[in-house]
Amino acid sequence: RQLLLSALTIDPDYIWAVREVAWSHMDDDQPRIAIEHFNTALDIEPDDINARYGLGRALLAIKETETALETFNGILADAPDDFPSMVYRIITLRKLERNAHALREAERLISAYPDRVSGYVEKGQALVGLERRAEAIETYADAETLLGPNNTLLYWHADALTIDGRFEEALGVIDRGLGLEGVDYSDHLLRSYIALELKDYTLAREAAEASLSFGIKDPWAYYYIAITQIHDGETEAGLARFEQAVAAGLPSDRVGAFATELISAGQYVEAAQLRLRY
């Protein structure tokens, strides 16, 4: 970023560099700063598709969801075949809980790009949002038959099975995904959650630790490990991990859930103390 900013002192209208600075802030999870730079790029060239797309992504990241939708709609009015904007318009519609509209757009995306995974993933998630889980699961299975195994596809297939309470099947699907390219911390995190639902605490801890090995301090990974430690008799370690989870941003409603785990493991005093503390 410093090199790019140095280049911009020589040529402030070097739009590629301005956009790259913006994207670097997106990579650093600084969408508000990214918005400033994307807007600078648009001051240079108002019709620049990449900058408009980046702005839409950044607006979505700060939950300016309606404005993000307007941005993606504007791009597609000018460039109707811009694939990334087509995908992110569907994502934005889902975040606005306009799942029926998202489903229609996903089906159009599949029709236009039948060999790309994104349309099937978005269709499945829209169907889940409409509580049509069986259709979502069928969508993912059909897409795998058509396109072959794909890590992203298998992740969302496993996720849909999990929501449907089909944990054994979900574990089989996520395990297949872990053997493919593109695996990241979220795959292991989902595997950990599924293992917890199956009360396989050894597998749950192994998967959560694998998730943390990617360097992402996800509160759910700490939380899942804490649960496994409680049930393995490592109460002090489990409480310390739970503290880490809270510090990393675990939702407050998990305090009651963790207290319930303590009670189920026979740790009644610790459960009461936990409720008082938080």
Side-chain angles (χ1 to χ4, degrees), residues 15-16 18-113 116-133 135-136 139-140 152-153 155-156 159-160 163 184 186 190 216 218-220 248-253:
I15 191 169
W16 179 87
V18 177
R19 289 196 316 247
E20 287 302 302
V21 169
W23 283 113
S24 77
H25 284 293
M26 288 292 287
D27 290 340
D28 280 348
D29 195 24
Q30 298 172 325
R32 293 184 186 277
I33 301 175
I35 286 171
E36 295 174 19
H37 291 281
F38 283 127
N39 279 326
T40 299
L42 292 170
D43 287 340
I44 298 166
E45 178 47 70
D47 296 327
D48 187 85
I49 296 295
N50 184 280
R52 292 165 72 187
Y53 169 70
L55 179 61
R57 290 277 303 273
L59 288 165
L60 193 58
I62 65 169
K63 301 188 185 330
E64 294 283 348
T65 316
E66 288 283 3
T67 309
L69 181 60
E70 291 172 10
T71 302
F72 294 125
N73 284 340
I75 295 168
L76 292 167
D78 296 333
D81 296 326
D82 187 65
F83 184 81
S85 296
M86 293 170 77
V87 173
Y88 266 87
R89 175 164 66 180
I90 299 169
I91 292 170
T92 307
L93 287 166
R94 288 194 295 99
K95 287 186 180 295
L96 289 166
E97 298 187 2
R98 300 180 194 174
N99 287 296
H101 188 178
L103 177 59
R104 292 193 298 273
E105 294 298 327
E107 287 173 338
R108 290 193 187 99
L109 190 62
I110 291 169
S111 179
Y113 299 94
R116 301 187 74 162
V117 166
S118 297
Y120 303 96
V121 168
E122 294 307 320
K123 179 179 178 179
Q125 290 188 73
L127 286 165
V128 168
L130 292 167
E131 299 188 3
R132 292 159 60 179
R133 292 188 295 275
E135 292 175 68
T139 295
Y140 294 132
T152 302
L153 194 62
Y155 175 90
W156 290 109
D159 182 72
I163 294 168
D184 68 12
S186 59
L190 179 58
I216 306 294
D218 190 287
W220 293 99
L250 187 73
S252 59
D253 64 358

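No experiment lies behind these values; they were computed from the predicted model shown. Numbers for residues simply follow the sequence, beginning at 1.
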How long is the gap from [atom1] on [X] to [atom2] on [Y], to the nearest 0.5 Å?
{"X": "L42", "Y": "I44", "atom1": "CG", "atom2": "CD1", "answer": "9.0 Å"}
{"X": "R57", "Y": "M26", "atom1": "CZ", "atom2": "CE", "answer": "5.0 Å"}
{"X": "N99", "Y": "K123", "atom1": "CG", "atom2": "NZ", "answer": "14.0 Å"}
{"X": "L55", "Y": "E64", "atom1": "CG", "atom2": "CD", "answer": "10.5 Å"}
{"X": "L59", "Y": "T71", "atom1": "CG", "atom2": "OG1", "answer": "5.0 Å"}
{"X": "T65", "Y": "L69", "atom1": "OG1", "atom2": "CG", "answer": "9.0 Å"}

Shortest non-hydrogen separation from [X] to [Y] and the atoms involved:
{"X": "S85", "Y": "L76", "value": "O-CD1, 3.8 Å"}
{"X": "I90", "Y": "A102", "value": "CG2-O, 3.8 Å"}
{"X": "A136", "Y": "V128", "value": "CB-CG2, 3.7 Å"}
{"X": "P31", "Y": "I62", "value": "CG-CG2, 3.6 Å"}
{"X": "A41", "Y": "R19", "value": "CB-CG, 4.0 Å"}
{"X": "V87", "Y": "S118", "value": "CG2-CB, 3.8 Å"}

Judged by atom type as modelled, is there a donor-acceptor pair below 3.5 Å linking the side chain of [X] to the main-chain atoms of [Y]?
{"X": "D28", "Y": "Q30", "answer": "no"}
{"X": "S24", "Y": "V21", "answer": "yes"}
{"X": "D48", "Y": "A51", "answer": "yes"}
{"X": "N39", "Y": "I35", "answer": "yes"}
{"X": "T139", "Y": "E135", "answer": "yes"}

Ionic contact status for E105 with R108, cut-off 4.0 Å: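 Salt bridge present between R108 and E105.
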So that I can tick it off, tell me whether R98 and E66 are bridged by a salt bridge, with the cut-off set at under 4.0 angstrom between side-chain N and carboxylate O.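 Salt bridge present between E66 and R98.
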Mind checking whether R132 and L103 have side chains closer than 4.5 Å, heavy atoms only?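 In short, these two side chains touch, coming nearer than 4.5 Å.
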T152 side chain near Y155 side chain, heavy-atom distance below 4.5 Å: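 No, every pair of side-chain atoms sits at 4.5 Å or beyond.
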Do N50 and W16 get their side chains close enough for a donor-acceptor pair, meaning under 3.5 Å? no
Do we see a donor-acceptor contact under 3.5 Å between the side chains of N73 and R89?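 There is such a pair between these side chains.
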Angle class for the H37/H25 ring planes (parallel below 30°, perpendicular above 60°, tilted otherwise)? parallel
Relative to each other, are the rings of Y88 and F72 parallel, tilted or perpendicular (30° and 60° limits)?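 Because their plane-to-plane angle lies in the 30° to 60° range, the rings of Y88 and F72 count as tilted.
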Decide side chain to side chain contact (heavy atoms under 4.5 Å, CB included) for Q125 and V121; before the verdict, give the C-alpha distance in whole Å, the side-chain angles of both, and the deciding distance to 0.1 Å. CA-CA 6 Å; Q125 290 188 73; V121 168; 3.3 Å; yes
Using a 6.0 Å distance limit plus a 45 degree cone around the ring axis, check whether R52 lies over the aromatic ring of F38.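 The answer is no; the distance or angle limit is not met.
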Candidate pair F83 and Y113, rule ring pair (Phe, Tyr, Trp, His ring centres under 6.0 Å), full reasoning: CA-CA 9 Å; F83 184 81; Y113 299 94; 4.9 Å; yes
If you count heavy atoms of other groups shown closer than 6.0 angstrom to CD of E97, is the number above 12?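 Atom CD in E97 is not packed in, count stays at 12 or less.
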